[in-house]
K.L.:
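Structure in structure tokens, see below.
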Amino acid sequence: MLCVRAPGRVNLIGEHTDYNDGYVLPVAISLEMRVHAQPRADTHCILYSDTLDEQAEFDLRAIPEPSQLPSGFVRYVAGVAWALQTHTGCTLRGVEATICSNLPVGAGLSSSAALEAAFAVLWNTINELHIDKLTLAQWCQQAEQMYAGVQCGLMDQAASLLCEAGSALFLDTRTLFVQSVALPPNWAIVVADTGKPRALADSEYNLRRAQCEDATQAFRNLLSEEVIALRDVSPEQAALYLPLLEEPARRRARHVIGENARVLEFLTALRHADAKRVRHLMLASHASLRDDYEVSCAELDAMVEACMHAGAIGARMTGAGFGGACIVLVEKTALEPFLHTAGQYYRQYASYEPRFWACEAVGGASVCI
Ligand code: GLA
């Protein structure tokens, strides 16, 4: 019997930048998926989700197409198997696996990426594939795109596989440069779930991606053929040329270009534990996601307000948006009163029941010892 764990993630800053060749800064959190697996002698997979009390099966010699599978957890697992087999040319070993999790589904904490990462590590181990974690992350991303139909970037899978304990992960999604950035030891990471399920997130997500491509094309026409992604437009060029773009491409591009610059500034602020700067950048990111990118909602806005009112260093929505959770940084010494009061403030504005988790920054997916 083998046990693999894979964490969920929050993103400190750099939202909706990863499919624009930009920068992200996620943290893997101590809310995790666990897979207990017994390898089989054949190629059959029998999966049981303890959380959902659902069972599913498929055979690795004939992995079903996404449309032949129910839209639940089995799609992500089959997607990972498909990606691993396609890239390595190996037939994987069948497994009997039970999936347990304390990572809430639908809160924007990347439970799907955690599930993918767990099975990628599982098969990497039992088939002795020796694939490095960055490559596994890319294959998991392809699994999500093909089997869940979301044209996601690399952030979630990279976070679940590559993060180091006590650190955030800086990732340049163009060059694939990664660097761990230590978190100030006296700052706590709090996940503040609005309780509002993410609605329309997948279709709106793909739409945002298409709008960014429109904006990129517009900049390519205005500036040069060398504009491959919004990453290639500097804030100075944006100031000059954004007014020439049509809506909504103009505001979508303004968010992405501004957000990339904020990530780089945030890195310096984090290294200096500069709470004032961190607060400013997190709030500016949230405002930009709300007003320019239009992926926030009343509950996420209310949660940011409530958390700031309760004494947070900074707060912003995290993940794709349209519901789900906020990432909040809180001085450890202020954590108790924060947890006591943030929910009270939130309930004054929103009718959903909030949940708060003070999380550790943990390491990426691994075999449990
Ligand atoms: C989802 C996607 C990521 C990223 C975020 C937004 O979590 O899976 O790739 O684009 O949204 O930053």
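Quick note: numbers below take in every heavy atom, side chains included, and nothing from hydrogens, waters or symmetry partners.
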K.L.:
In Å, rounded to the nearest 0.5 Å, how long is the span from CH2 of Trp357 to CD1 of Ile29?
P.N.:
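Reported value, rounded in 0.5 Å steps: 8.5 Å.
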
K.L.:
Does the gap between the ring centers of Phe356 and Tyr346 come in under 6.0 Å?
P.N.:
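Phe356 vs Tyr346: aromatic centres not under 6.0 Å.
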
K.L.:
Please check: side-chain N/O of Asp193 versus main-chain N/O of Arg355, any donor-acceptor pairing under 3.5 Å?
P.N.:
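No, because the side chain of Asp193 does not come within donor-acceptor range (under 3.5 Å) of the backbone of Arg355.
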
K.L.:
Using only atom types and a distance under 3.5 Å, with no angle test, would you say the side chain of Arg34 pairs donor to acceptor with the backbone of Cys100?
P.N.:
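No, Arg34 side chain to Cys100 backbone: no donor-acceptor pair under 3.5 Å.
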
K.L.:
Going by side chain to side chain donor-acceptor pair (under 3.5 Å), Arg316 matches just one of Ser296, Ser285, Ser288. Which one?
P.N.:
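Testing Arg316 for a side chain to side chain donor-acceptor pair (under 3.5 Å) against Ser296, Ser285, Ser288 leaves exactly one candidate, Ser285.
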
K.L.:
Check the orientation of Tyr345 and His309. Use parallel for under 30°, tilted for 30 to 60°, and perpendicular for over 60°.
P.N.:
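If you compare the ring of Tyr345 with that of His309, the planes turn out perpendicular.
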
K.L.:
Okay, side chain of Asp232, backbone of Ile228: is any donor-acceptor separation there less than 3.5 Å?
P.N.:
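Yes, because the side chain of Asp232 sits within donor-acceptor range (under 3.5 Å) of the backbone of Ile228.
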
K.L.:
Do Asn186 and Thr333 have side chains that approach each other closer than 4.5 Å (heavy atoms only, starting at C-beta)?
P.N.:
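Heavy-atom side-chain distance check fails, nothing below 4.5 Å.
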
K.L.:
Taking 4.0 angstrom as the limit, do Glu265 and Arg262 come out as a salt bridge?
P.N.:
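No, this pair does not count.
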
K.L.:
Backbone N or O of Asp291 within a donor-acceptor pair of the Arg251 side chain at under 3.5 Å?
P.N.:
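Looks like yes, one N/O pair under 3.5 Å.
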
K.L.:
Please say whether more than 12 non-hydrogen atoms of neighbouring residues, nucleotides or ligands are located less than 6.0 Å from OH in Tyr241.
P.N.:
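At most 12 heavy atoms, drawn from other residues, nucleotides or ligands, come within 6.0 Å of this atom.
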
K.L.:
Calculate, to the nearest 0.5 Å, the distance between atoms OG and CD1 belonging to Ser30 and Ile189 respectively.
P.N.:
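Output value for this atom pair is 8.5 Å.
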
K.L.:
For the side chain of His286 and the backbone of Met317, is there at least one donor-acceptor N/O pair under 3.5 Å apart?
P.N.:
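Yes: the side chain of His286 pairs with the backbone of Met317.
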
K.L.:
Do any N or O atoms from the side chain of Glu15 and from the backbone of Gly319 form a donor-acceptor pair under 3.5 angstrom?
P.N.:
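Pair found, side chain donor or acceptor close to backbone of Gly319.
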
K.L.:
Give me the ring orientation class for Trp82 and Tyr147: parallel if the planes are under 30° apart, tilted from 30 to 60°, perpendicular past 60°.
P.N.:
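Plane angle between 30° and 60°, so tilted.
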
K.L.:
Is it the case that the side chain of Asp18 and the backbone of Leu154 share a donor-acceptor pair, with hydrogens and angles ignored and the cut-off at 3.5 Å?
P.N.:
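Answer holds: yes.
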
K.L.:
For the residue pair Phe119 and Trp123, categorise the inter-ring angle as parallel (less than 30°), tilted (30 to 60°) or perpendicular (more than 60°).
P.N.:
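Rings of Phe119 and Trp123: tilted, 30 to 60°.
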
K.L.:
For Glu144 and Ser112, which I'm curious about, is there any donor-acceptor pair between the side chains at under 3.5 Å?
P.N.:
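Side-chain D/A pair, Glu144 to Ser112: present.
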
K.L.:
Do Val105 and Leu52 have side chains that get closer than 4.5 Å, going by heavy atoms?
P.N.:
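They are not in contact (no side-chain heavy atoms under 4.5 Å apart), so the answer is no.
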
K.L.:
Where does the angle between the aromatic ring planes of His16 and His255 fall among parallel (under 30°), tilted (30 to 60°) and perpendicular (over 60°)?
P.N.:
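Answer is perpendicular, since the angle exceeds 60°.
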
K.L.:
Counting N and O atoms only, with roles assigned by atom type, does the side chain of Gln85 sit under 3.5 Å from a partner on the main chain of Leu92, one being a donor and the other an acceptor?
P.N.:
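Yes, because the side chain of Gln85 sits within donor-acceptor range (under 3.5 Å) of the backbone of Leu92.
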
K.L.:
Is there a donor-acceptor pair under 3.5 Å between the side chain of Lys133 and the backbone N or O of Cys163?
P.N.:
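Absent.
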
K.L.:
Any Lys/Arg nitrogen of Arg61 or Asp59 sitting under 4.0 Å from an Asp/Glu carboxylate oxygen of the other?
P.N.:
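Asp59 and Arg61: not salt-bridged.
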
K.L.:
For the pair Arg5 (side chain) and Gly364 (backbone), establish whether a donor and an acceptor sit closer than 3.5 Å, ignoring hydrogens and angles.
P.N.:
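Between the backbone of Gly364 and the side chain of Arg5 there is a qualifying donor-acceptor contact (under 3.5 Å).
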
K.L.:
Gln157 and side chain to side chain donor-acceptor pair (under 3.5 Å): which single residue from Gln142, Glu116, Arg9, Gln141 fits?
P.N.:
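One option only clears the test, and that one is Glu116.
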
